[in-house]
Amino acid sequence: MRRADLLIGIGLLAFAAFYFRQSFEITVGFASDRLGPAFFPRLLALALAGCALALIARSLRGRSDPAPLPSIRTNLLLWTLGLTIAYVLALTPLGYLIATPLYLAGIVWLLGHRSPVGLAGTAIGVTAALYLVFAQALKVLVPVGLLGR
Amino acid sequence: MLEHFALGAQIALQPLSLLMMLLGVAWGIIGGALPGISGSIAMALLLPLTFGMNPAVALMMLAGVYIGAMYGGSITAILIRTPGTPGAAATVIDGYELHKKGLSGKALGVSLITGTVGGIVSVFILVGLAVPLSKLALAFGPPEYFALGVFGLALISSFVGRDLLKGAISGLLGLILATAGTDPFSGTPRFTFGGTDLLTGVELVAGMIGLFAVSEMFQQIAESEAWAVIKGKFSTDLPTWVELIRLKTAMVIGIVMGTIEGLLPGGGGAIAAFISYNEAKRWSKTPEEFGHGSLEGVAAPETANNVVTGTAMIPLLTFGIPGSNSAAIMLAAMLLHGISPGPQLFERTPQIVYGLFVGMFVANIMMLVLGYLSLRPAIAIVNIKRPLLLASILALVLVGAYSISNRMFEVWVVLGTGLLGYGMRRFGFNILAMVLGLVLGFLVEVNLRRSLLISLGNPWVFFTRPISVALLTFALFTLLWPIIRQAREDRRAKALQTVQAS
């Protein structure tokens, strides 16, 4: 994990710098206290930078846990993520009742379940159950999309 | 105090409260029994549904999920050798052996009954300790609350997970995330990048669902092996009274360990369960049965993890410091409803605290009944196909996130924090510390600034008040301890090397 820690440390350091820089964008109002709205963020940015440097130093000295990471199914994760993002983007134009069963069937298929009963059952059953709970019982205004007028 | 209990009972025993608790306990048992869904995930998934509820009812329902999940977790532990929740990890050892011998009903029955006893005892311990402790917290002003927040973060960063540095980074990231939004003092927007989406900050519920639940789903998809399934039918013969009475030593051990762990931050019942298992074996008249299907080996850890459901509420309710994932979710639910834990909670809204006390008592009894009824359907829950479950949970999470404020922004937050959480899990960071930073960020910053306002900018205000200075000293010690220990181990290893070399 040493190389990973080194890269994460560098990333965190860059983020701390970005966050510190952003704190100067805060406009201080008239009705503020002594410390102002930017003090605490700057304190956090400095602390994070310190920890990031410690992580970098540790990985360079080889003190990190050298245990190998478990293997990862990158493609499956990326496909799931892509499908999920597509679903969120399609939710407004298509509407909940059209996009959700397609998404559910897609994920079930992607994760390797191919029986028509499982695919259709999950797609229709979960869409209906969530619709009943959120749109009917909790009165959430789910996007209607194509079915609306 | 009696009138407070009457007030609490009035809320807890309303039909609506009872129904919500029943649903909560049932969902907890199902969630705990579903492989890959722990109690805290089941609670996080339920959070969006509790928005519109009376705060007392919302808390009772969530406590019901917590309690139900402790039994639910033992179902998978016993039937497929996979702990459904971390607290059930020790139950696997003897529970699965009993199942192999065809004594599944006895194992499940012992888990259910000892769990109920543990849960009910813990409610009494909770009441007995929380009420006096809350009086102590009456002396708290802004400097004390600041110090307490820092202490809580230090504890979780260093005791949960093995890596202090990564724990501290996780906590800091949570605090940083909490600064986005409108500044609580001056009302100016911070880190909103010119948009309006972030004006109200990162929604706690969305962040928690992402970090706790979605990250676990991603991990399941990317890394996990296939789940085991139950093959064939199993016996549902329950344990007899004689068998149950023999478990009393194991249960007492579980109660003691569960109480201690609930008061300390960290394991969410898993550590207490393991220690209880070992102690029960040491005190047992038949230690040789342990590991080969001992009922005591199920009773001790299952009592312990159910005791934690009550005792974990003690630091949460009295000081607002959650010691486990589930307690952190309870804290988020309180903050969502505008309740801040601590002495004011006991003084100003006793109906919420005492409602929760009565509710937890009732929820334990509900668990006994629902657990008994779920003995047979449990097979169907445990044997659910993983693709179907993961797809359903993902859809539930996304729609739940949208429901928080009827907009897409929270859906993106859930996905973003889910991905971040998965990365954190993979590279050994501490998710609970990050969540705690996100939850406590407001408390820490506001009380820091308020203290300095009172002291006219003099930072000594934190060091001249005894409770504040004690808490900050503890916090410093907590953070330094792992470093000191590491240095000592290194020196010892070096000394050993020189001895061996000569």
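Numbered from 1 within each chain, the chains take letters A, B, ... in sequence-line order. Scope of the values below: all heavy atoms of this structure, side chains included, with no hydrogens, waters or symmetry mates.
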Engineer: Using non-hydrogen atoms only, which part of L456(B) is less than 4.5 Å away from chain A: side chain, backbone, both, or neither?
Structural biologist: both
Engineer: Side chains of Q22(A) and F193(B): closer than 4.5 Å at any heavy-atom pair?
Structural biologist: yes
Engineer: Among L394(B), L389(B), V444(B), which residue has the highest count of heavy-atom pairs closer than 4.5 Å to chain A?
Structural biologist: L394(B)
Engineer: So which atom in R58(A) and which in K166(B) form the shortest heavy-atom distance, rounded to 0.1 Å?
Structural biologist: NH2-CE, 3.9 Å
Engineer: With a 4.5 angstrom heavy-atom cut-off, could you sort out which part of L396(B) is near chain A: side chain, backbone, both or neither?
Structural biologist: both
Engineer: Could you tell me which non-hydrogen atom of I26(A) sits nearest to which non-hydrogen atom of P189(B), and how far apart they are?
Structural biologist: CG2-O, 4.2 Å
Engineer: Where on T74(A) is there a heavy atom nearer than 4.5 Å to chain B: the side chain, the backbone, both, or neither?
Structural biologist: neither
Engineer: Tell me, out of L448(B), I176(B), L165(B), T179(B), who's got the most heavy-atom pairs with chain A below 4.5 Å.
Structural biologist: I176(B)
Engineer: With rounding to the nearest 0.5 Å, note down the distance linking OG1 in T80(A) to CD1 in I221(B).
Structural biologist: 4.0 Å
Engineer: So how far is it from D5(A) CG to D163(B) CG, rounded to the nearest 0.5 Å?
Structural biologist: 7.5 Å
Engineer: What are the two closest heavy atoms between R190(B) and P37(A), and how far apart are they?
Structural biologist: NH1-O, 2.7 Å
Engineer: Which atoms form the tightest heavy-atom contact between S23(A) and F191(B), and what is the distance?
Structural biologist: N-CE2, 3.8 Å
Engineer: Near W79(A) CH2, under 6.0 Å, is it more than 12 heavy atoms from other residues, nucleotides or ligands?
Structural biologist: no
Engineer: Should Y422(B) and L77(A) count as side-chain neighbours, where that means a heavy-atom distance under 4.5 Å?
Structural biologist: yes
Engineer: Hey, which of T127(A), T100(A), L119(A), I85(A) has the most heavy atom pairs under 4.5 Å with chain B?
Structural biologist: I85(A)
Engineer: Which heavy-atom pair separates G441(B) from F40(A) by the least distance, and what is that distance?
Structural biologist: O-CE2, 4.4 Å
Engineer: Look at V126(A), T122(A), V88(A) and state which one has the largest set of heavy-atom pairs under 4.5 Å with chain B.
Structural biologist: V88(A)
Engineer: Between S403(B) and L138(A), does a side chain to side chain contact (heavy atoms under 4.5 Å, CB included) hold up when you go through it step by step?
Structural biologist: CA-CA 9 Å; S403(B) 80; L138(A) 293 173; 5.7 Å; no
Engineer: In Å and rounded to the nearest 0.5 Å, what is the CZ to CG distance from F429(B) to L55(A)?
Structural biologist: 5.5 Å
Engineer: Could you tell me whether the side chain of R426(B) and the main chain of I72(A) form a donor-acceptor pair under 3.5 Å?
Structural biologist: no
Engineer: Would you mind checking which part of L415(B) comes under 4.5 Å of any heavy atom in chain A, side chain (CB onward), backbone (N, CA, C, O), both or neither?
Structural biologist: side chain
Engineer: Given a strict heavy-atom distance threshold of 4.5 Å, which part of F51(B) is in contact with chain A: side chain, backbone, both, or neither?
Structural biologist: neither
Engineer: First locate atom CG of L388(B), then atom OG of S115(A), and finally report the distance between them rounded to the nearest 0.5 Å.
Structural biologist: 7.0 Å
Engineer: Measure the spacing between CD1 of I169(B) and CZ of F15(A) and express it to the nearest 0.5 Å.
Structural biologist: 12.0 Å
Engineer: Flag the one option from P48(B), G52(B), A168(B), S224(B) with the top tally of heavy-atom pairs under 4.5 Å to chain A.
Structural biologist: S224(B)
Engineer: Any chance the rings of Y402(B) and F134(A) have centres within less than 6.0 Å?
Structural biologist: no
Engineer: With chain B as the partner chain, list the residues of residues 103-112 of chain A whose heavy atoms fall under 4.5 Å from it, by residue number, and write 'none' if nothing qualifies.
Structural biologist: Y103(A), L104(A), I107(A), V108(A), L111(A)
Engineer: Looking at CG of L43(A) and CD of E445(B), how far apart are the two atoms once the value is rounded to the nearest 0.5 Å?
Structural biologist: 10.0 Å
Engineer: Of the non-hydrogen atoms in L141(A) and N406(B), which two are nearest, and what is the gap between them?
Structural biologist: N-OD1, 3.3 Å
Engineer: What part of Y131(A) is in contact with chain B, defined as an atom under 4.5 angstrom from a non-hydrogen atom: side chain, backbone, both or neither?
Structural biologist: neither
Engineer: Which pairs count as salt bridge (charged side-chain N to carboxylate O under 4.0 Å, His left out) when at least one residue sits in residues 113-125 of chain A, sequence neighbours excluded?
Structural biologist: none
